[in-house]
Amino acid sequence: MSCVPSSRTTDRAGAWPWALAFLLTALCLGGRGVAAEGATPLPAPADAGRVGLIAIDHIIDDSQVYYLRRALADAQRLGLQRVILHLTTDGGTLDAGRTMLGMLLALPPGHPQLIAYVDNRCYSAGSLVAYGCNQIFLTPTATIGDIGIIIQTPEGVEFASEKFETVVLTLLRDAAQARGWDPAKLQKMTARNQELYRFTSGGRQVFVLEDDLPQFLQDHPGIDQKTKILVSPKDRLLSYTAQDATGAGMATGLVQDLPALEARLAVSPQRIVDLAPTTVERTAWYLGGFASLFATLAVLAFMAEFKFGGHGLFLISGLVLGACFLTCQYYQELAGYPEILLMLVGVLCIVLELVVFPAAGWLLMLGVALGIFGLILAFMPDADQFHPTETGYGGELMHALRQAVLSVVLVVVGAVLLILGLPYSPALRRLVVHKAIDATSAGAAETQGRLLGRNGVTRSELRPSGAITIDGHDWSASSEHGEFIPAGRPVVVVAMHFGEAVVRLAEAANAPGPA
């Protein structure tokens, strides 16, 4: 294996690439904070005559939890008294749906009033969100309901146990009491193993679930049981067409489209405040599945800049990839400001070590440690998002740990391949311009043998990597123990490591090495 010649000079130690990269990171992360406040500027005075519009047209997952929280906060800050939730979804995860329903029910009464609008379909976790609203309007072709709880297994899809079902039934009962929906009908959207009955009492129809039937009969001893009718049997989940939902009192009314709903609410289109997901939010949702890859590539880009140079190109690429990773994790509520701060401090320590204040590698090691710690935390569930007592916490925690371990493993494997293969890449040779070697054609082992014990001069600062000059030829090198060696100092080659010369100061060459 031959040593890679290099022309890295003290220009590489110039601060412009690092300053530009650090500024880029600050702008990216700062921009995320601005985007999180919503696409619509927030005026100072409250305007109760305006109506907010929230669009939930994505799978109900953690990203939608964050988006709904942000949009509701914007609506309250604007002083909006009414908000339309435009729902188009086939459902999503139970945890996300429960969280979103809880957020809606936790709002102060009428601040704002919540109006669900469905013009296509709204099922499962989407229905959970819809029935957390005060009113529901459907277009004539819309459908709603079927809050079945299913689990994906190696054998296929199956319904969850009653333990999960009981939790959702309780939530639906709370929603019915808070928003005025019929509790039995609403719970039958989930209660697969219960029958739904209808009684007629005093000219009024009353609906009762099978589990509630004994208590209902005890509380109504005079009711005529001959009026008892089975409305929905077991193994059936209640769903409604638009007309059926309106007739059953499980929707407020029918409208032809969104402008018709606006007219019914007596609000002009100019008074609608668009609280739709920002471009940054939608991009983060799309790229969320590539978070581990972004993290790995960012770390490898930093290593390439540190190891081989590239006039700041690797560094800036690493910062862009790192910003993509943090954006993805931020909008999944995995990475918050503590994790971002840890990584930024780690980058700052590395910049200080390599550019401003050499500290014999201590700042470098601290920066690397902080960066790795922040990286792992960026995959871990947030305590506010996932509590150990919550159902599914163990699965979420194991998923986060697998993602973190995968990133670390990919970094290690990538680093080995980077060190072994990249020095011989034609692209790198073109990027890192180097002098031609005028030596005779010789094998890699012979070249390494000739370099061992040779004296040279540091062409650039070793921090701990850089370039040395031996007999007029430039070679990539690193200091023996990671210490800083200024440019222009005499050194001697004491070892070869992955095709790179390992050197120490010439005056220290005769000093005893480590045991």
Side-chain angles (χ1 to χ4, degrees), residues 23-44 46-47 50-80 82-89 92-93 96-97 99-100 103-104 107 112 114-117 119-120 125-126 129 133 258 262 269-291 294-295 298 319-341 343-344 378 382 384-385:
L23 177 62
L24 176 64
T25 303
L27 289 175
C28 288
L29 297 180
R32 293 187 311 107
V34 173
E37 296 300 328
T40 305
L42 303 180
D47 190 345
R50 304 172 80 191
V51 176
L53 178 61
I54 297 175
I56 299 178
D57 54 2
H58 193 268
I59 294 174
I60 303 296
D61 57 13
D62 295 330
S63 63
Q64 295 299 290
V65 173
Y66 177 88
Y67 162 59
L68 181 61
R69 182 179 294 120
R70 188 271 293 170
L72 290 175
D74 286 353
Q76 290 180 300
R77 190 177 307 176
L78 282 164
L80 303 180
R82 292 180 294 177
V83 170
I84 299 172
L85 273 69
H86 186 177
L87 295 160
T88 306
T89 178
T93 67
T99 302
M100 294 171 73
M103 289 163 51
L104 299 179
L107 291 174
L114 302 170
I115 303 162
Y117 167 65
D119 59 354
N120 189 314
V129 176
C133 296
L258 186 58
E262 295 169 359
Q270 293 76 21
R271 308 295 287 172
I272 296 295
V273 181
D274 190 3
L275 302 174
T278 64
T279 301
V280 176
E281 285 172 327
R282 289 195 180 276
T283 303
W285 301 341
Y286 176 76
L287 297 177
F290 303 97
F294 284 137
L319 265 296
V320 171
L321 291 165
C324 290
F325 165 73
L326 290 177
T327 301
C328 293
Q329 300 305 87
Y330 185 85
Y331 283 102
Q332 295 182 80
E333 291 196 326
L334 293 176
Y337 289 109
E339 291 88 348
I340 295 173
L341 182 61
M343 295 187 192
L344 284 179
D382 227 351
D384 294 334
Q385 180 185 5

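Heavy atoms only: backbone and side chains are in, while hydrogens, waters and symmetry mates are out. Because the structure is predicted, anything quoted here is derived from the model rather than measured. Numbering starts at 1 and runs along the sequence shown.
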TODO: Write down the atom of R70, the atom of P277, and the distance for their closest heavy-atom approach.
DONE: NH2-CA, 3.8 Å
Open item on the list: Quick one: does any side-chain atom of D62 pair with a main-chain N or O of V65 as donor and acceptor, under 3.5 Å?
Closed with: no
Task: Minimal non-hydrogen separation, V273 against L78, with atom names - done: CG1-CD1, 3.7 Å
Task: Check: V129 and Q64 side chains under 4.5 Å, non-hydrogen atoms - done: no
Open item on the list: Between I272 and L258, is there a side-chain heavy-atom distance shorter than 4.5 Å?
Closed with: no
Task: Flag side-chain contact, heavy atom, 4.5 Å: L68 against L104 - done: yes
TODO: Could you pull out the closest heavy-atom pair between Y117 and I84, with the gap in Å?
DONE: CB-CG2, 3.9 Å
Open item on the list: Are there over 12 heavy-atom neighbours, none belonging to I59, within less than 6.0 Å of that residue's CD1?
Closed with: no
Open item on the list: For a 4.5 angstrom cut-off between non-hydrogen side-chain atoms, does I54 reach V83?
Closed with: yes
Open item on the list: Working to the nearest 0.5 angstrom, can you tell me the gap between H86 NE2 and L275 CG?
Closed with: 14.5 Å
TODO: State, to 0.1 Å, how close I60 and G97 come at their nearest heavy-atom pair, and which atoms those are.
DONE: CG2-N, 3.8 Å
Task: E262 and V51, any side-chain heavy atoms less than 4.5 Å apart - done: no
Task: Nearest atoms (heavy-atom pairs only) where L85 meets C133 - done: CD2-SG, 4.1 Å
Task: Heavy-atom donor-acceptor pair, Y67 side chain to A55 backbone, under 3.5 Å - done: yes
Open item on the list: I need the minimum non-hydrogen distance between G126 and T89, along with the two atoms involved.
Closed with: CA-CG2, 3.6 Å
Open item on the list: In the structure I gave you, are the side-chain heavy atoms of L72 and L114 within less than 4.5 Å of one another anywhere?
Closed with: yes
